[in-house]
> 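Quick one: the structure is below, questions incoming.
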Number of protein chains: 2
Amino acid sequence: MEASVKILNCKGIEGLSMRTIAKELNIKAASLYWHFSGKLDLYGAIAEYLCLRYEMPAESDDPKDYLISSYKAYRAMLLSTRDSVSVLENSIPNTPRRMEIIRAMSKAFLKMGVKQETLTTVSNLFNNYVLSFVADECRFKNTTPDKIHELEQMLCPEDRLFLSIPSNFDEQFLYGLQVLFAGLEALRSREQNRTEQ
Amino acid sequence: MEASVKILNCKGIEGLSMRTIAKELNIKAASLYWHFSGKLDLYGAIAEYLCLRYEMPAESDDPKDYLISSYKAYRAMLLSTRDSVSVLENSIPNTPRRMEIIRAMSKAFLKMGVKQETLTTVSNLFNNYVLSFVADECRFKNTTPDKIHELEQMLCPEDRLFLSIPSNFDEQFLYGLQVLFAGLEALRSREQNRTEQ
DNA sequence: ACCTGAACACCGTTCAAGT
DNA sequence: ACCTGAACACCGTTCAAGT
């Protein structure tokens, strides 16, 4: 796991292969198949290892506050290792730590009034938001100014507006989260009004 | 492009290589490099080709209605070709048709009252929602009942609830969209209240 | 203008064989 | 229990050479 994270940070997911991991450990690629059934299995283990770095926030009475600090910590974890989003996306979250995180978040959503039927949808909605936000964030941050200039040159002035790159990612991340929570609350109160009638 | 889509539908993105595309066209892989600078360039062209299938809804006075039918059509387009999400995710949307779609949607968001500074964030938020929803949807649909049963066996009854698979994807897709729109509207009216004071 | 053969430097995975 | 050599069937990409 440590070797894999080291490779990720040095060369990214493109550089993470059975052979490069083995090399880092001074063994041969074939040996890894004694420990893992294949690459997906290895990805699952790396994802689990990364999620151990995730600092679970202290329990809170307000589920919304709890979730906001959870997702902030989740993003911080994702930003701390290069291409971690790709690793998480390509593995099934059925390992202990990842289940623990899903459990804690799901309970908070239920506490917020999310219905059982929509729990998976809501949980995925938020999880996918963070993953894709960070993926975009990293894509933007890794685009050199020359490349950005080159891309802008190809667009008409009007379109430049629609593909502009945000500079304050922390703020924009929070904005997106607030949209999601505001939406959840709005739909819940609409639901309540309907049943009261 | 037709050959690529054919391969995608038959063997998925794993089966889409320079060699398999070339074989389908009765040429050699090296020849493709006369037409495209590399695999990413080719992905961009396939993505553009897929987006030509996207049926842009008729203009509407209500930007929300317009956007909802846009995203429904977007999802339909994504569902019609296997692994299309991966192709779109791994290419830059700077081609004519894709820019046209982004332009139309961005204008509708502005009409809805989305501020210039958050336009990229909002546009990405919705786009990423659809992409990741469809990606999850396909993952679920392609998991055989045996596999699902196997996964469920590994979880305690409580956790099974948190990883349950929705059955009515159309409904759940619309629910997520409604959360996003309700959130956007709620934040806008909060903003208005603040400036009125 | 468009295609090819051959090569380079990689992949993931398997499996008999070793200690 | 853990590792290896060797092989299999693939990749993306380059480039001199062909028509």
Side-chain angles (χ1 to χ4, degrees), chain A residues 1-50 81-92 94-95 139 142-144 147 150, chain B residues 1-50 81-92 94-95 139 142-144 147 150:
Chain A
M1 299 303 101
E2 277 167 37
S4 299
V5 169
K6 192 177 169 187
I7 294 169
L8 279 177
N9 282 323
C10 290
K11 307 196 269 178
I13 193 125
E14 304 277 282
L16 187 78
S17 71
M18 302 306 266
R19 283 172 165 86
T20 55
I21 297 169
K23 194 166 216 172
E24 184 70 34
L25 297 167
N26 291 313
I27 56 169
K28 304 295 161 196
S31 314
L32 290 169
Y33 288 81
W34 197 91
H35 303 276
F36 303 98
S37 72
K39 213 187 175 181
L40 281 185
D41 189 29
L42 213 159
Y43 273 24
I46 301 172
E48 175 74 356
Y49 181 75
L50 290 173
T81 306
R82 189 168 154 196
D83 288 342
S84 54
V85 173
S86 308
V87 178
L88 282 257
E89 271 175 347
N90 288 296
S91 56
I92 300 161
N94 59 352
T95 45
R139 229 192 308 274
N142 290 331
T143 310
T144 57
K147 268 276 165 210
E150 193 190 304
Chain B
M1 299 306 100
E2 277 167 36
S4 299
V5 169
K6 192 177 171 185
I7 293 168
L8 278 176
N9 282 323
C10 289
K11 307 196 268 180
I13 194 128
E14 304 277 281
L16 188 77
S17 72
M18 301 308 265
R19 282 172 165 85
T20 55
I21 296 169
K23 194 166 216 171
E24 184 70 33
L25 297 166
N26 290 314
I27 56 169
K28 304 294 160 196
S31 315
L32 290 169
Y33 287 81
W34 197 90
H35 303 275
F36 304 98
S37 72
K39 213 186 176 181
L40 281 186
D41 189 27
L42 214 159
Y43 274 23
I46 301 172
E48 176 72 358
Y49 181 75
L50 290 174
T81 306
R82 188 165 154 197
D83 288 343
S84 54
V85 173
S86 309
V87 177
L88 282 255
E89 270 174 347
N90 287 296
S91 56
I92 301 160
N94 58 353
T95 44
R139 231 192 306 275
N142 291 330
T143 309
T144 56
K147 267 279 164 206
E150 193 189 304

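Chain letters run A, B, ... following the sequence lines, proteins first, then strands; residues in each count from 1.
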> What's the CG-P distance between B:Leu25 and C:dC2, to the nearest Å?
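Interatomic distance, CG of B:Leu25 to P of C:dC2: 14 Å.
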
> Rounded to whole Å, please give me the gap between CE in A:Met18 and P in D:dG5.
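One finds 17 Å between P of D:dG5 and CE of A:Met18, rounded.
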
> By nearest heavy atom, map A:Arg19 and A:Ala29 onto DNA chain D; which one lands nearer the 5' end?
A:Ala29

> Within the structure provided, determine whether B:Glu14 and B:Asp83 are in side-chain contact (heavy-atom separation under 4.5 Å).
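They are not in side-chain contact.
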
> Just verifying a value: how many Å separate B:Glu89 CD and B:Ile13 CD1, rounded to the nearest 0.5 Å?
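B:Glu89 atom CD to B:Ile13 atom CD1 measures 9.5 Å (nearest 0.5 Å).
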
> Counting heavy atoms from C-beta on, name the nucleotide in C:dT13, D:dT4, C:dC3 closest to the side chain of B:Ile27.
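Selected nucleotide: C:dC3.
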
> Provide the closest heavy-atom pair for B:Cys10 versus B:Arg82 in the form atom of the first, atom of the second, distance.
O-NH1, 3.1 Å

> Could you check if a side-chain atom of B:Ile92 sits within less than 4.5 angstrom of a side-chain atom of B:Leu40, using non-hydrogen atoms only?
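No, every pair of side-chain atoms sits at 4.5 Å or beyond.
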
> Without decimals, in angstroms, what is the distance between B:Lys28 NZ and D:dT19 C1'?
16 Å

> So what's D:dA7 paired with, Watson-Crick or G-U wobble, going by both distances under 3.5 Å?
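Result: C:dT13.
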
> Heavy-atom count check: over 12 atoms from other residues, nucleotides or ligands less than 6.0 Å from B:Lys39 NZ?
yes

> By a strict heavy-atom criterion of less than 4.0 Å, which residues belonging to residues 30-44 of chain B are in contact with DNA chain D?
B:Ala30, B:Tyr33, B:Gly38, B:Lys39

> Whole angstroms only, please: what is the CD-C1' distance between A:Glu14 and D:dT13?
14 Å

> Can you tell me how far P in C:dA9 sits from the matching atom in D:dA9, rounded to whole Å?
23 Å

> In Watson-Crick or G-U wobble terms, both distances under 3.5 Å, what is the partner of C:dG18?
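Base partner found: D:dC2.
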
> With respect to A:Ser4, which candidate in A:Ile46, A:Thr20, A:Val87 satisfies the side-chain contact (heavy atoms from CB on, under 4.5 Å) definition?
A:Ile46

